[in-house]
2 protein chains.
Amino acid sequence: MNTLAEENYLKAIYKLSLTAGNVSTNQIAAELATKASSVTDMVRKLAEKALVNYTRYQGVSLTKAGEKVALNIIRRHRLWEYFLVEKLHFKWDEVHDMAEEMEHISSTELIDRLDAFMGHPTRDPHGDPIPDCDGNFKVTELKPVSTVEINTAGVISGVRDHSASFLQYLERQQLTIGKHIIIKEVISYDNAVILEMENTQIQISRDVANNLLIAL
Amino acid sequence: MNTLAEENYLKAIYKLSLTAGNVSTNQIAAELATKASSVTDMVRKLAEKALVNYTRYQGVSLTKAGEKVALNIIRRHRLWEYFLVEKLHFKWDEVHDMAEEMEHISSTELIDRLDAFMGHPTRDPHGDPIPDCDGNFKVTELKPVSTVEINTAGVISGVRDHSASFLQYLERQQLTIGKHIIIKEVISYDNAVILEMENTQIQISRDVANNLLIAL
DNA sequence: TTATTTTTTTAGACTTGTCTAAAAATACAA
DNA sequence: TTGTATTTTTAGACAAGTCTAAAAAAATAA
C-alpha cells in the first residue's frame with residue numbers, strides 16, 4: 001500500500017494542516033527531523049500518487065485520498081494508545097513511541113476488531129478523538145485554560161503538548177483528563193493561572209495554561 | 001537495534017537450523033523468496049555483527065547472540081498470534097501474516113506486559129511453544145501421526161505445515177489442538193491413516209498424517 | 001582423476017530514502 | 001524598486017537491500 005516513510009509524511013502533513021493552510025517544505029522537514037530537500041522529493045512522489053496537492057514553491061496540502069490515509073494512521077495510533085493504557089496499564093506519557101510503531105500495522109480487519117474489543121472508544125488517553133473506520137470523528141471545541149474568562153468552569157479534556165515531561169507534570173499535579181476545574185485568577189505579573197480543583201487551589205504557569213485544554 | 005531485513009534473516013536461519021546443521025545460502029534464499037546473492041551480502045553483515053558464524057562456501061549458523069535475537073522474534077510472533085486468536089477471535093489460519101508484521105514491534109516492556117495480560121501462555125494457537133523473555137521454552141517431544149504405532153493414543157498438539165489451507169482442512173475435520181485421538185489403522189495401499197476421535201472414525205491421508213503432531 | 005553440474009560468491013547496477021552544496025525562486029527591507 | 005535574506009528546489013552522492021550476469025568453488029559423475 002504505502003511505505004512507512006510515506007505514511008509518516010502524510011501524518012505530518014495532516015498534523016501541520018490543522019494550524020496552517022498550505023504546509024511548507026521547511027515545516028514538514030522540522031516536523032520529521034529531516035531536510036527540506038528530502039521533503040521536496042517525497043512530496044513529489046506523494047503528488048504522483050494523488051495523495052497531496054503540490055506545485056513548486058507553493059507548499060503542500062492533502063487531497064481527499066491523502067486525508068483518508070492520514071486519518072486511518074491516526075485512528076490506528078490512537079486505538080493502540082488506548083489499548084496500551086487501558087489493557088496493558090502503561091501511563092499516558094509512556095505510550096507515544098510504541099504507538100508510533102504499531103500504527104503502521106496494516107490490517108484494517110485487525111484494527112476494527114481491536115476497536116470492538118475495547119468497546120469503540122472515542123478518545124485516546126490524551127483526550128484526542130479517535131476517527132472511526134471512515135475517518136469521521138466528532139470535533140468537540142476545546143479551549144486552552146489560558147484563553148477562558150475568570151470563574152469559568154470546565155473539564156480537562158485534552159493537551160496541546162504531548163511530550164512525556166508535560167504529561168508527567170500534569171500527572172503529578174493530578175491535572176488529568178476528566179477532572180473538573182474552575183479558573184479563579186490570572187496573575188497579571190507573569191500570567192500564571194490559579195485554578196480550583198476538588199476544593200483546592202492550584203497555580204499553573206502561563207505555559208501550562210496554554211497547553212492544557214478544557215471543555216466548557 | 002536490528003533492521004527489519006536482519007530480523008527476517010535471523011528468523012529464517014533459526015527455523016532452517018532446526019532441521020539442518022549449517023544452513024546454506026540457497027536454503028535461506030528459498031525461505032525468504034530472495035536470491036542467493038542477496039543472502040551472501042546480508043549474511044556477511046550479520047557475521048560482522050557477530051549474530052551468525054559464516055565462512056565462504058561453508059554455510060551459516062547462529063551464534064549465541066543471534067539465537068537470542070531469533071528467539072525473541074519468535075516469542076513476539078507467537079504472543080501476538082495468541083492475542084489475535086484469544087482476544088480478537090481470529091481463526092488460527094488467519095493470524096500468521098498479521099503476526100509477521102507485529103513481531104517487529106521492538107519494545108520488550110510491551111511484550112512482557114502483553115504476556116502478563118494474557119496470563120503467560122506457553123503455546124501459541126498452533127501448539128508451538130512460546131519462549132520466555134530469556135529465550136527458554138520446554139521442548140515437548142511431538143510425533144507426526146504417521147510415525148506412531150497402531151493403537152497409540154495421543155493428544156493433537158501441533159502442526160508441521162502452518163499454511164492456511166492445511167489449518168482450514170483440520171478445522172473442518174475438527175482435528176484441532178487438544179483433541180484426543182487413537183491411531184487405529186494404516187491402509188497399506190496409500191498409507192492413509194484411520195483415527196478414532198470422540199468415538200467416530202476419521203480417515204486422513206499420508207500427507208495430513210505427516211503434518212499433524214501428537215503428544216503421547 | 002578429470003569433466004561436468006550445481007552452488008556460492010563477486011561485480012556492477014538499480015531503488016528508496018536520505019544528505020550536502022549550489023542554484024533558483026520568493027519574500028522582505030530600505 | 002532594487003538589493004538582501006530566506007526558502008525551496010536541483011544536482012549529485014551515499015547507504016541499505018535487492019537484482020542479474022559472470023566467475024569461482026564445491027560436489028558429482030564418468
Side-chain angles (χ1 to χ4, degrees), chain A residues 1-17 19-62 66 69-70 73 100-101 103-104 106, chain B residues 1-17 19-62 66 69-70 73 100-101 103-104 106:
Chain A
M1 187 66 222
N2 300 300
T3 67
L4 198 144
E6 285 168 354
E7 289 201 344
N8 285 334
Y9 273 87
L10 290 170
K11 195 169 52 129
I13 296 165
Y14 178 86
K15 190 175 163 188
L16 294 167
S17 297
T19 47
N22 265 24
V23 177
S24 79
T25 310
N26 259 0
Q27 283 176 293
I28 300 170
E31 179 72 25
L32 293 173
T34 182
K35 295 298 155 76
S37 54
S38 309
V39 175
T40 302
D41 288 348
M42 179 56 89
V43 149
R44 277 237 170 71
K45 197 176 149 198
L46 293 172
E48 257 166 49
K49 296 179 87 172
L51 296 170
V52 302
N53 306 114
Y54 169 65
T55 32
R56 283 157 72 236
Y57 296 100
Q58 299 308 126
V60 186
S61 65
L62 292 176
V69 174
I73 300 162
E100 203 79 355
E101 285 185 69
E103 72 191 8
H104 300 291
S106 58
Chain B
M1 189 62 224
N2 300 301
T3 68
L4 199 143
E6 286 167 354
E7 290 201 345
N8 286 334
Y9 273 86
L10 290 171
K11 195 168 52 128
I13 295 165
Y14 178 86
K15 190 174 162 187
L16 295 167
S17 297
T19 46
N22 264 25
V23 177
S24 80
T25 311
N26 259 2
Q27 283 176 292
I28 300 170
E31 179 72 24
L32 293 174
T34 183
K35 295 299 154 78
S37 55
S38 309
V39 175
T40 302
D41 287 349
M42 179 56 90
V43 148
R44 276 238 170 68
K45 198 176 149 197
L46 293 172
E48 256 167 50
K49 295 179 89 173
L51 296 170
V52 301
N53 305 114
Y54 170 65
T55 32
R56 282 156 76 237
Y57 296 100
Q58 299 309 126
V60 187
S61 64
L62 292 177
V69 174
I73 300 163
E100 204 78 354
E101 285 185 69
E103 73 192 8
H104 300 291
S106 58

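Note on naming: letters A, B, ... go to the chains in the order of the sequence lines (proteins, then strands), and numbering restarts at 1 for each one. Computed from heavy atoms alone, side chains included, the values below leave out hydrogens, waters and symmetry copies.
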Between A:Glu101 and B:Ser106 (side chain of the first, backbone of the second, donor and acceptor by atom type, cut-off under 3.5 Å), is there such a pair? yes
Interatomic distance, B:Met1 CE vs D:dA16 P [rounded to whole Å]: 16 Å
Who are the side chain to side chain donor-acceptor pair (under 3.5 Å) partners of B:Ser24, not counting sequence neighbours? B:Gln27
Looking at every strand, decide which applies to A:Ser38 at a 4.0 Å heavy-atom threshold: base, sugar-phosphate, or nothing. base
Would you kindly give the CD-to-C1' distance between B:Glu48 and D:dA16, to the nearest whole Å? 13 Å
Length of the CD-C1' vector between A:Glu6 and C:dT15, whole Å: 13 Å
B:Lys35: which residues meet the salt bridge (charged side-chain N to carboxylate O under 4.0 Å, His left out) condition with it, sequence neighbours left out? none
In Å, rounded to the nearest 0.5 Å, how long is the span from CG of B:Leu4 to CG of A:Leu4? 9.0 Å
According to a strict under-4.0 Å criterion, is B:Thr25 in side-chain N/O contact with OP1 or OP2 of C:dT9? yes
Could you tell me which non-hydrogen atom of A:Ala29 sits nearest to which non-hydrogen atom of A:Ala36, and how far apart they are? CB-N, 3.7 Å
Given 3.5 Å as the limit, does a donor-acceptor pair link the side chain of A:Asn22 with the main chain of A:Gln58, or not? yes
Can you work out whether A:Leu4 or A:Lys35 has the more 5'-proximal nearest nucleotide on DNA chain C? A:Leu4
So, is B:Asn26 close to the C:dT8 phosphate, meaning a side-chain N or O under 4.0 Å from OP1 or OP2? yes
Holding to salt bridge (charged side-chain N to carboxylate O under 4.0 Å, His left out), I want the full list of residues that pass it with B:Glu7, two or more places apart in sequence or in another chain. B:Arg76
Considering only nitrogen or oxygen atoms on both sides, find all protein atoms under 3.5 Å from nucleotides 10-13 of chain D and state each distance.
from: D:dT10; atom 1: OP1; to: A:Arg44; atom 2: NH2; distance (Å): 3.2
from: D:dT10; atom 1: OP1; to: A:Arg56; atom 2: NE; distance (Å): 3.1
from: D:dT10; atom 1: OP2; to: A:Arg44; atom 2: NH1; distance (Å): 2.9
from: D:dT10; atom 1: OP2; to: A:Arg44; atom 2: NH2; distance (Å): 2.2

From CD of B:Gln58 over to C1' of D:dA25, roughly how many Å is that when rounded to an integer? 10 Å
Excluding sequence neighbours, so at least two apart, what forms side chain to side chain donor-acceptor pair (under 3.5 Å) with B:Ser37? none
Under the salt bridge (charged side-chain N to carboxylate O under 4.0 Å, His left out) rule, what do A:Glu100 and A:Lys11 come out as? Steps first, then yes or no, please. CA-CA 11 Å; A:Glu100 203 79 355; A:Lys11 195 169 52 129; 2.9 Å; yes
Protein-nucleic acid N or O pairs under 3.5 Å, nucleotides 1-6 of chain C:
none

Closest to the 5' end of DNA chain C, once A:Tyr57 and B:Val39 are matched to their nearest nucleotides, is B:Val39
